[in-house]
There are 2 protein chains.
Amino acid sequence: MKYIEKLRNSGLRPTKQRLQICDVLFNTDKTFHFTINELEQKIKKQTNSKISLATVYNTVHAFEKKGYLKQIPINSSETYFDTNVTDHHHFYDLKEEKLIDLENSDVGPINILKKINGKKIKSVEVLVKLEE
Amino acid sequence: MKYIEKLRNSGLRPTKQRLQICDVLFNTDKTFHFTINELEQKIKKQTNSKISLATVYNTVHAFEKKGYLKQIPINSSETYFDTNVTDHHHFYDLKEEKLIDLENSDVGPINILKKINGKKIKSVEVLVKLEE
DNA sequence: CACTTTTTTAGAATCATTATAAACTAGTTA
DNA sequence: TAACTAGTTTATAATGATTCTAAAAAAGTG
Ligand SMILES: [Mn+2]
Ligand SMILES: [Mn+2]
Ligand SMILES: [Zn+2]
Ligand SMILES: [Zn+2]
């Protein structure tokens with residue numbers, strides 16, 4: 001398996017569950033956005049084993065902490081995650097409740113002029129809401 | 001009371017509870033950010049009557065629908081609202097868990113180059129996360 | 001294998017938010 | 001003012017995403 005080293009290097013034991021989740025999340029050309037429940041469905045479909053919901057939560061949070069996933073700030077009852085961890089932005093289609101990537105090159109350079117004393121900028125994220 | 005007409009014009013009956021909430025939310029020079037629970041505390045302090053939590057939720061959602069409040073997209077266990085309904089952006093201080101306004105003039109113009117078929121841009125919001 | 005540490009798991013707990021449905025109130029008309 | 005209706009408030013229950021718990025299982029080490 002190609003994810004064993006990646007996990008070991010992160011200090012995460014390469015368990016069967018984590019490898020399966022890696023496979024669903026990262027073994028694809030395209031990156032994607034998901035909620036925990038959507039991921040659970042995807043795991044059920046693509047593998048034939050069932051991973052407990054607690055493990056899915058634990059793993060997603062562990063991967064997020066290691067920088068393999070990003071959480072997307074959005075007002076939704078469920079938290080959205082992104083397998084695209086490069087700096088980029090999002091459209092949010094209010095009707096479909098779907099996220100669409102907006103690459104940095106699709107947004108002009110963003111220059112934050114205001115400074116806050118003693119604080120550093122960690123990230124700059126643009127959310128563009130779409131309606132009909 | 002100065003909010004009676006505002007409510008009537010919005011098709012909302014000017015009840016005692018709504019007028020009290022208006023007073024807490026809008027009868028001030030400065031705009032501010034709040035969660036439902038922070039608002040409940042503020043109401044308790046500033047008025048001497050107790051408004052039921054359900055009414056606070058109902059009223060905030062009614063005001064949001066009428067455009068008197070905005071919801072701020074952020075990953076937090078509680079939903080944040082803003083009495084500043086002009087187009088503007090936010091810093092989010094990760095340590096203090098506090099929002100700080102970032103006026104349009106503090107951010108260069110944002111030009112979204114990518115277009116989505118059949119969709120219109122409703123809003124463009126920038127969230128700048130701050131760390132130590 | 002023996003031993004330790006990490007991980008998984010089912011189920012319980014938490015907590016923000018929403019739903020319910022009965023009591024109350026504002027606005028309207030007689 | 002009384003009667004009527006639609007809208008509102010309220011206490012409380014329900015919902016649902018997420019986190020917690022603690023026991024069992026698995027991984028790593030020698
Ligand atoms: Mn997380
Ligand atoms: Mn709302
Ligand atoms: Zn994305
Ligand atoms: Zn604001």
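Each chain gets a letter, A, B and so on, in the order the sequences are listed, and its residues count up from 1. The figures that follow rest on heavy atoms only: side chains count, while hydrogens, waters and symmetry mates do not.
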Could you tell me which residues satisfy ring-ring contact (aromatic ring centres under 6.0 Å, His included) with [X], sequence neighbours excluded, listed by chain and number?
X	result
His90(B)	His33(B), His88(B)
Phe34(A)	Phe32(A), Phe81(A)
Tyr68(A)	none

What is the distance from [atom1] of [X] to [atom2] of [N], rounded to the nearest Å?
X	N	atom1	atom2	answer
Glu5(B)	dG27(C)	CD	P	10 Å
Leu19(A)	dA26(D)	CG	C1'	13 Å
Gln20(A)	dA26(D)	CD	P	13 Å

Exercise for the section: Return each pair, listed once, that meets salt bridge (charged side-chain N to carboxylate O under 4.0 Å, His left out) where at least one residue sits in residues 37-47 of chain A; pairs must be two or more places apart or across chains. Expected result: Glu38(A)-Lys98(A)

Problem - Any residue meeting side chain to side chain donor-acceptor pair (under 3.5 Å) with Asn37(A), in chain and number order, not counting sequence neighbours - result: Glu78(A)

Distances under 3.5 Å only, N/O to N/O: pair up the protein atoms with those of nucleotides 22-25 of chain D.
none

Completion exercise
Taken in chain and number order and not counting sequence neighbours, the residues that satisfy side chain to side chain contact (heavy atoms under 4.5 Å, CB included) with Lys30(B) are Thr28(B)

Practice task
Kindly give the cluster partners of Ile100(B), where membership spreads through any ILVMFWY side chain lying under 4.5 Å from a current member.
Solution key: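 Members besides Ile100(B), by chain and number: Phe91(A), Ile100(A), Leu102(A), Val107(A), Ile110(A), Ile112(A), Ile116(A), Ile121(A), Val124(A), Val126(A), Val128(A), Leu130(A), Phe91(B), Leu102(B), Val107(B), Ile110(B), Ile112(B), Ile116(B), Ile121(B), Val124(B), Val126(B), Val128(B), Leu130(B).
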
Practice task
Would you mind listing the cluster partners of Leu113(A)? Hydrophobic ones only (ILVMFWY), side-chain contacts under 4.5 Å, chaining allowed.
Solution key: none

Practice task
Find the bend of the helix from dC1(C)-dG30(D) to dA30(C)-dT1(D) as the angle between its two terminal axes (five pairs each), to the nearest 10°.
Solution key: 30°

Exercise for the section: Return the set of residues passing salt bridge (Lys or Arg N to Asp or Glu O under 4.0 Å) with Glu125(A) (not counting sequence neighbours), or none when no residue passes. Expected result: Lys129(B)

Exercise for the section: Take nucleotides 5-18 of chain D nucleotide by nucleotide from the 5' end and write B, S or -, depending on whether a protein heavy atom sits under 4.0 Å from the base, only from the sugar-phosphate, or from neither. Expected result: -BSSSBB-----SB

Exercise for the section: Classify the side-chain pair Gln20(B)/Ser49(B) by whether it contains a donor and acceptor separated by less than 3.5 Å. Expected result: yes

